[in-house]
Amino acid sequence: MILEFAGIKVDNITLHESINKVDQLIASGKPNLIVTPNPEMIVNSQSDPLMKEIINNASLRLPDGISMVVVSKIMGKPLKERVAGIDFMLKAVEHSVQKRYRIFLLGGKPGIAKKAAQILRNRHPSMQLVGIHDGYFEHDGTIINLVKKAKPDILFAGLGAGRQEKWLYKYLNTLGVPVCVGVGGSMDVISGYKKRAPKIIQKLYIEWLYRLITEPWRWKRQLALPKFLWLVFSSFRQ
Ligand code: UDP
């Protein structure tokens, strides 16, 4: 089932179901885009028609925000759960080991994807990692050639929210990768470069507060949360 938040589509899907969907997308043989809309992306999409088009046409839109789960309950169409990009990435990597899917890691500052790869390889020695590159490249063509040569089944791209989706959307057919997914700063966390909020904080629904305290320079980005609530509730009342 698909829900809508201020005109932005989001799939009502669990983490487990999203992994089954990966199998279907890979079996389709066609290139697909998976996005992880959160309140910030939903707010930004209101004034960015391309972003709206990208999310609404993606093959899968994972609900990456606990506030979206809460709001959906209040509105009487509850989302089953939050599916955070990083949780999806870790599960998809684990699943790829069993299925022998080929993985490409793209994004983050130089060295971050490499470190994340090392950590994942320690966890899953038989992982089929076919390519790694940082997210600060000048020529798209170089990266496109690298990915095409490597022929991954899944391309995890952490190039920053907005930029990664636009990049993947633009080159989706050229890349020809069955599953392309924007994962934001997930590789920063996997590599240990950044810390995710402890589980208890995630469970208390205050991961946003943790990020505000640990990364105060993000405060402007976090204004998206009240904007999101206003946007959704005001459109709901009409
Ligand atoms: N990033 C990148 N290339 C850029 C800009 C950003 O690879 O030109 C990476 C950055 O190093 C970080 C990630 O994008 O790893 C941040 O993405 P976002 O802000 O969406 O992540 P969040 O922290 O919100 O998950």
Side-chain angles (χ1 to χ4, degrees), residues 8 10 15 33-45 48 50-52 54-55 58 61-68 82-93 103-120 131-144 146-147 155-171 175 180-198 201-202 205-228:
I8 306 300
V10 174
L15 177 60
L33 178 61
I34 299 183
V35 294
T36 63
N38 57 20
E40 187 183 12
M41 282 164 77
I42 291 173
V43 168
N44 292 343
S45 298
D48 187 342
L50 175 60
M51 199 59 199
K52 187 172 179 177
I54 294 173
I55 300 178
R61 296 149 287 235
L62 303 174
D64 187 1
I66 202 66
S67 56
M68 294 159 71
R82 172 193 182 193
V83 184
I86 180 157
D87 293 330
F88 172 78
M89 179 171 173
L90 291 172
K91 257 280 179 283
V93 167
I103 291 172
F104 197 113
L105 302 182
L106 172 65
K109 294 193 177 131
I112 294 291
K114 223 175 188 175
K115 181 80 191 147
Q118 244 172 36
I119 288 175
L120 291 172
I132 306 172
H133 202 282
D134 66 73
Y136 294 82
F137 47 87
E138 259 181 54
H139 303 290
D140 291 353
T142 317
I143 304 300
I144 292 168
L146 213 59
V147 174
L155 168 62
F156 293 102
L159 307 174
R163 178 169 179 243
Q164 64 203 13
E165 287 78 16
K166 286 177 183 167
W167 198 88
L168 292 172
Y169 188 67
K170 184 172 177 191
Y171 297 121
L175 291 166
C180 294
V181 49
V183 291
S186 298
M187 279 179 277
D188 291 337
V189 176
I190 295 171
S191 67
Y193 175 63
K194 278 191 185 169
K195 276 209 158 39
R196 194 175 176 196
I201 290 186
Q202 292 173 36
Y205 295 178
I206 50 170
E207 199 167 0
W208 59 272
L209 181 62
Y210 178 89
R211 289 202 83 174
L212 188 61
I213 293 167
T214 55
E215 299 174 64
W217 54 90
R218 286 174 62 104
W219 70 272
K220 259 198 179 156
R221 285 181 64 174
Q222 291 206 321
L223 289 178
L225 186 58
K227 279 187 197 154
F228 167 74

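One-based numbering, in listed order, for ligands and for the atoms of each.
The number of heavy-atom neighbours closer than 6.0 Å to NZ of K114, taken from other residues, nucleotides and ligands shown, is 12 or below.
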Check ligand 1 against the protein and report each N/O to N/O distance under 3.5 Å, formatted as atom name, atom name, distance.
{"unit_1": "ligand 1", "atom_1": "1 (N)", "unit_2": "Y136", "atom_2": "OH", "d": "3.3"}
{"unit_1": "ligand 1", "atom_1": "3 (N)", "unit_2": "G135", "atom_2": "O", "d": "2.8"}
{"unit_1": "ligand 1", "atom_1": "3 (N)", "unit_2": "R163", "atom_2": "NH1", "d": "3.2"}
{"unit_1": "ligand 1", "atom_1": "7 (O)", "unit_2": "G108", "atom_2": "N", "d": "2.9"}
{"unit_1": "ligand 1", "atom_1": "7 (O)", "unit_2": "G158", "atom_2": "O", "d": "3.1"}
{"unit_1": "ligand 1", "atom_1": "8 (O)", "unit_2": "R163", "atom_2": "NH1", "d": "2.7"}
{"unit_1": "ligand 1", "atom_1": "11 (O)", "unit_2": "Y136", "atom_2": "OH", "d": "3.0"}
{"unit_1": "ligand 1", "atom_1": "14 (O)", "unit_2": "G158", "atom_2": "O", "d": "3.4"}
{"unit_1": "ligand 1", "atom_1": "14 (O)", "unit_2": "G160", "atom_2": "N", "d": "3.0"}
{"unit_1": "ligand 1", "atom_1": "15 (O)", "unit_2": "D188", "atom_2": "OD1", "d": "3.2"}
{"unit_1": "ligand 1", "atom_1": "15 (O)", "unit_2": "D188", "atom_2": "OD2", "d": "2.8"}
{"unit_1": "ligand 1", "atom_1": "19 (O)", "unit_2": "R221", "atom_2": "NH1", "d": "3.0"}
{"unit_1": "ligand 1", "atom_1": "19 (O)", "unit_2": "R221", "atom_2": "NH2", "d": "3.2"}
{"unit_1": "ligand 1", "atom_1": "20 (O)", "unit_2": "A161", "atom_2": "N", "d": "2.6"}
{"unit_1": "ligand 1", "atom_1": "21 (O)", "unit_2": "G185", "atom_2": "N", "d": "3.0"}
{"unit_1": "ligand 1", "atom_1": "23 (O)", "unit_2": "R211", "atom_2": "NH2", "d": "2.9"}
{"unit_1": "ligand 1", "atom_1": "23 (O)", "unit_2": "R218", "atom_2": "NH1", "d": "3.3"}
{"unit_1": "ligand 1", "atom_1": "24 (O)", "unit_2": "R221", "atom_2": "NH2", "d": "3.2"}
{"unit_1": "ligand 1", "atom_1": "25 (O)", "unit_2": "G185", "atom_2": "N", "d": "3.0"}

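Partners of Y171 according to the ring-ring contact (aromatic ring centres under 6.0 Å, His included) rule, which considers only residues two or more places apart in sequence or in another chain, are W167.
By the 4.5 Å heavy-atom criterion applied to side chains, M89 and M187 are counted as neighbours. For the pair I119 and K115, the minimum side-chain heavy-atom distance is below 4.5 Å. By the 4.5 Å heavy-atom criterion applied to side chains, T36 and V83 are not counted as neighbours. A heavy-atom distance below 4.5 Å is not found between the side chains of F104 and I132.
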